[in-house]
Each structure stands twice: as structure tokens, then as C-alpha cells.
Protein chains: 2
Amino acid sequence: MSDELPALPWERARRRPGPARVPLTRDRIVEAAFAVLDRVGYEKLSMRQVAAELGVAVSALYAHVNGKDELLELMYLQMYEGWQPPVPDPERWQEQVQEYARTGRAKLHEHRDMARVAMTGFPFSPEALPHIDRLLGLFRAGGLPDRIVGAAGDVLSTFVNGFAFEESMWETRRHESNGDTHDQSPEENWQEMRETLERYFSELPPERFPNLVALSGIVLDNTNDDRFDLGVEIIIRGLASFAEDASPAAGPSSAAPLPSGEPGDA
Amino acid sequence: MSDELPALPWERARRRPGPARVPLTRDRIVEAAFAVLDRVGYEKLSMRQVAAELGVAVSALYAHVNGKDELLELMYLQMYEGWQPPVPDPERWQEQVQEYARTGRAKLHEHRDMARVAMTGFPFSPEALPHIDRLLGLFRAGGLPDRIVGAAGDVLSTFVNGFAFEESMWETRRHESNGDTHDQSPEENWQEMRETLERYFSELPPERFPNLVALSGIVLDNTNDDRFDLGVEIIIRGLASFAEDASPAAGPSSAAPLPSGEPGDA
DNA sequence: ATGTATGGTGAACGCTGTTCATCAACGCCT
DNA sequence: AGGCGTTGATGAACAGCGTTCACCATACAT
């Protein structure tokens, strides 16, 4: 972008002809991988496609990245980069958890099929340790007993990832059946799919599926965002019921003990 | 099994020589796929391996199964076959949910990497509708308001699948690093891995990861089963806090209204 | 100007899912 | 009994995948 000017004659001798060669780096590879992912989806994301995106031979990638697994993990890590759970405020820990979960899902929505990339990799990497530690700190600030805190992380992260994963599945299903009809916004498309599903459920034989037909209207009225928030709220209420102060489930908590005296930034 | 007797001479003319040819069926293919899965794991499960397991050409499979995706879905469905949520007992719905989740995980553990097969397929298939309907019935029997019931299914199934999925990931990691050391039982192996992890966490710099080191002992003392049960309990408590009778989180519930008058078997 | 190291190239290997023309065996009908 | 049609397995092929390796061109240091 900065080399578009015609090269001066004496520079000709120093610069090689053709477009200026930007060096290949891990970051550029990851960036290209995201571009390919957004364009073709997880299933067709391949080393060759990434190389093509960069105008480079496949084998060149392997000088910077150990393999496809590592590339996927790099994407996963880059997604988390710069995102940290908030510094715990014991008065507001429930809202903080809600918001944490919401932006977690939002991050997974930043790129197509990102939830599937996240599921691919090994769940534990050293780079994620600060993140995990702060999340645990958030739960401890809520007054949860230590033996609950670990399970809290399990439940919450499983839900966020799993929910986004299912959304990703619906999305690719939509792509498969819809072909290339770009005439609708994604929102309209979701809406149409919800209506189709609602009709399908409501036309089910009520004697065989009494609960499905009874719930078809209520459940499918909700947007995905509402369903997600509700799920998180269920989890938070369950957690709150273990909190060592009182104020279990109902109403906003008033105060929580054990702020676990952690400084804001280590 | 019934054709092992030496063939009578006049039968020789009718039966073709060599081993009696059992016809290829979907069920036999799925069975072979499970055998391959258990032996080599999800990553190396391929159509060719399944065909080899049956002593058959790859292309023969495609006469009975539409493709690999369908085969995986058949495996997924077969896993659920004959498993139904219990008929709801409003007095005991919380224990029923616990038990339901437990046997769900157990089913996913019946075959290696089964959780990954489950994640692969599309989450909704008509064959699973009775199962889902009964699960929803269980939640409704607990007195949960309708708008919660759908989210309840989300949270619970996401946790069960996600938890088993992570276990599967740890398992394949163990296989990769361990190579072929069959000298330990899986239990000892898990134990050893837990100890390694606990040591790793406890040796982390406490000023950077105060919560991780503080929790390293407590969390890792628990077996996977305990962590799973605890997660389910968190979810159940969260659900119970929405129940329309009283008795929210603490203590065993005494009675629940709205049995939703559903007959045991349609 | 020569040498050397860094890093991209292209071809190859072995694997994958899937398709297709071929062909053998079986039951049925005359 | 003999021919025929159908069913269903076969093997070869195609396109694509992840990964490796000998080669080579460029850029810098001597």
C-alpha cells in the first residue's frame, strides 16, 4: 500500500521487480486463514486455500506454522487475545458473569464457524491461563465455595461454546440448503427458519409429542439471544444458590463476602 | 453362526464356495464403524477402514449409506436407540434429571470419541423427537415455566455433550503422548494425569495466577465423575429456582405442582 | 565478488470421500 | 432346464487433503 509510487531508477537495482514482497509471518497467515474461514466455512478451510489467499505455495506455510492443528490453535488464541474477564466487583458479579458470557458468544460470532475452530483445539493452552485465572477470580468474588468454582467454569464455558457451536451448525445447514441466495439478510433468514420450524413443530401429532407442540410457540418466539441469555441466567442462579452469603436465587444480591483480595492487575 | 455345519453335498451346488456371504446391511456397517472407532479413534475413522473391517470394497458401502455424514449420524442415532428419559415423577424430578444426565454421559463413554461423533452431526433429527419430547416433559413436571423449559434443554444437553467432548479430547491427547503404553488401566492413567496437572498448577507463579494455584488442590482432587455431577447440580439448582412452586434451591423439594397430566406412554 | 543462510517453490507421497462403468451371482419366468 | 433381468459388490478413477523434501533464488555478510 505504501509502495505504489513508481520506483526511482537507482532503487530499481535494489528492489526486485514486481510487487514488493511482504514477508510471510504467522500473523499474516492467521489473518489469511480468517479470511478463508469467513468466505468458505470451516469444512472447506484448508492449508491450500490459505496459501492461495496469500498467493504463496502451500509448503511455505509450514516454515511458520507446524501444521493445520497449530494454525487452528493460533486462530483460537488470537480470538481470545486482549479479552479478559472483568476485575471482580463482588456487588455485581452476576451481571459481570452475564456480560462475560455474552461477549464470549459475540467473539465466537466474529468469524464464521469460529465455534467449531474453538472446539477443534485442545481446551488447555498456557496462553489462556491468565484468562482462566481471572474468570475463576470472578466466581470467587461471588462468594462461591472453592469446590464449586471449578465446576462453574466447566458449566459456563461448555454452555457458551456449545451454544455457539449449535448456532454454527444451523448456519452451515442454512448455507447448504439455501445455496447462494444472498438476497436476504442473515436476520431475515433466521426469522424465516424459525417460522418454518414453528410450523413444523405445531403440525406434529400432539398425542405423540405433547410437550413439543405445546412449547413450539413459546420457545421459538424467542430469538437466539434471548435463549442464550436465559441459559446463562439459569447457570448463574444455580451458582448463586451455592454462594456462601445468603441471597441465593431470587432478586439482586445485596452484598457478598470474601472479595478474595485480588489486586486489579498483577 | 447357524451355518457352521459342513454343507451337505447337494447343498454344495446351491451355496457358493468359501465363507457364507452375509449380506451387507446398514446395521452391519454401523457395527463395523463402531469397531473401527473404538480401535483407531475418531480422527482416523474412514470409510475405507470401515470397508476393510467388513472385508468389502469401499464403494459397496455407498449402496447402503449416503456418505460418511450419514454413517456418523446413524451411529449417533444408534447410541440413543432404546434410551428414553424416565416418565416424569414430579416428586423426584431433580434426581431424575441427575440420573438422566449421568446415563447420557455414560452412553457417550460406551464408545471411544463418541462425543465427537455426536458433535459432528446436525443436532435435530426426527428420530430424536420422542426423546426430546420426554425430556421436556420431565422439566415441565418439575413445575418449570414454559419459557424456561426450552433453555433448560439447551443448558443440560450442552453441558453433557461438552463435558464428554472435553473428556474425549483429553483422552486422545493421552493416546498421542503415551503412544502404546497399555500397561496402565485407564483409571490409573487419569489419576497420573491429574497428579501431573496438579503439580503443574501448584508450581505456577502465585502472584500471576492466584486463583489457579489456590484452587489447584481442591479442583483436581475431584474425579471427573464428581466434577460432572457438580456441574449438573449447578444446573438443576438454577432450574429449580424458576420452579413455580416454592422450594427453590436449598434442600430436597417437597412437592411440585403442575404434573402436566401426561400419560406414561403415548 | 563470493559465499552463505533464510525462506519460498514445485513436485511428490499417502491418505481421504465419492462416483462410475463393469461384472458376477441370484431368483424368476418361460 | 435355460435364458434373462435385477441386485449389489467391485476396482479404478477423480479431486482434494495435510505434509515432506530436494531444489533454488534472493539478500545479506564477508
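Atom set for the values below is all heavy atoms of this structure, side chains included, hydrogens, waters and symmetry mates excluded. Chain identifiers are assigned alphabetically (A, B, ...) following the order of the sequence lines, protein sequences preceding nucleic acid strands; residue numbering begins at 1 within each chain. Everything quoted here is computed from the prediction, not taken from an experiment.
- Applying the ring pair (Phe, Tyr, Trp, His ring centres under 6.0 Å) test to A:His64 and every residue at least two apart in sequence or in another chain returns nothing.
- Under 4.0 Å is where a charged nitrogen must lie from a carboxylate oxygen, and between B:Glu70 and B:Arg26 at least one such pair does.
- Per the geometry, NE2 belonging to A:His64 stands 13 Å off P belonging to C:dT6, to the nearest Å.
- Which of D:dA9, C:dG8, D:dC17 sits closest to the side chain of A:Ser46 comes down to D:dC17.
- Rounded to whole angstrom, the span from the CD1 atom of B:Ile29 across to the P atom of D:dG8 amounts to 12 Å.
- A:Arg28 has no carboxylate O lying under 4.0 Å from a charged side-chain N of A:Glu31, or vice versa, which leaves the two without a salt bridge.
- Side-chain atoms of A:Arg48 and base atoms of D:dG18 include a donor and an acceptor less than 3.5 Å apart.
- Side-chain rings of B:Trp170 and B:Phe165 stay apart, their centers remaining 6.0 Å or farther from each other.
- Donor-acceptor pairing under 3.5 Å is lacking for the side chains of B:Tyr42 and B:Ser168.
- At whole-Å resolution of the value, CG in A:Leu54 and C1' in C:dG7 are 15 Å apart.
- For the pair A:Arg112 (side chain) and A:Arg39 (backbone), a donor-acceptor distance under 3.5 Å is present.
- Distance CG (B:Leu72) to C1' (C:dG17): 12 Å, rounded to an integer number of Å.
- Atom CE in B:Met47 sits roughly 6 Å away from atom P in C:dG17 (whole-Å rounding).
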Check nucleotides 20-24 of chain D for protein N or O atoms closer than 3.5 Å to its own N or O atoms and list the pairs.
none

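- Atoms CG (A:Leu61) and C1' (C:dG7) sit 12 Å apart, rounded to a whole Å.
- Seen from the ring of B:Phe228, B:Arg102 does not count as a face-on cation partner, given the 6.0 Å and 45° thresholds.
- Panel note: side chain B:Asp133, backbone A:Leu212; a donor-acceptor pair is recorded below 3.5 Å.
- Heavy atoms only, all atoms of each residue included: B:Phe201 and B:Ser216 are closest at CB-CB, 3.5 Å.
- Annotated stems with DNA chain C as a participant read C:1-30 with D:1-30, given as range with range, by first number; only runs of 3 or more Watson-Crick or G-U pairs under 3.5 Å qualify.
- Checking C:dT18, C:dT9, D:dT10 against every side-chain atom of B:Val56, the shortest atom distance belongs to D:dT10.
- C:dG14 atom C1' lies 13 Å from atom CD of B:Gln49, rounded to whole Å.
- Going from atom CZ of B:Arg28 over to atom P of D:dG8 covers 14 Å, rounded to whole Å.
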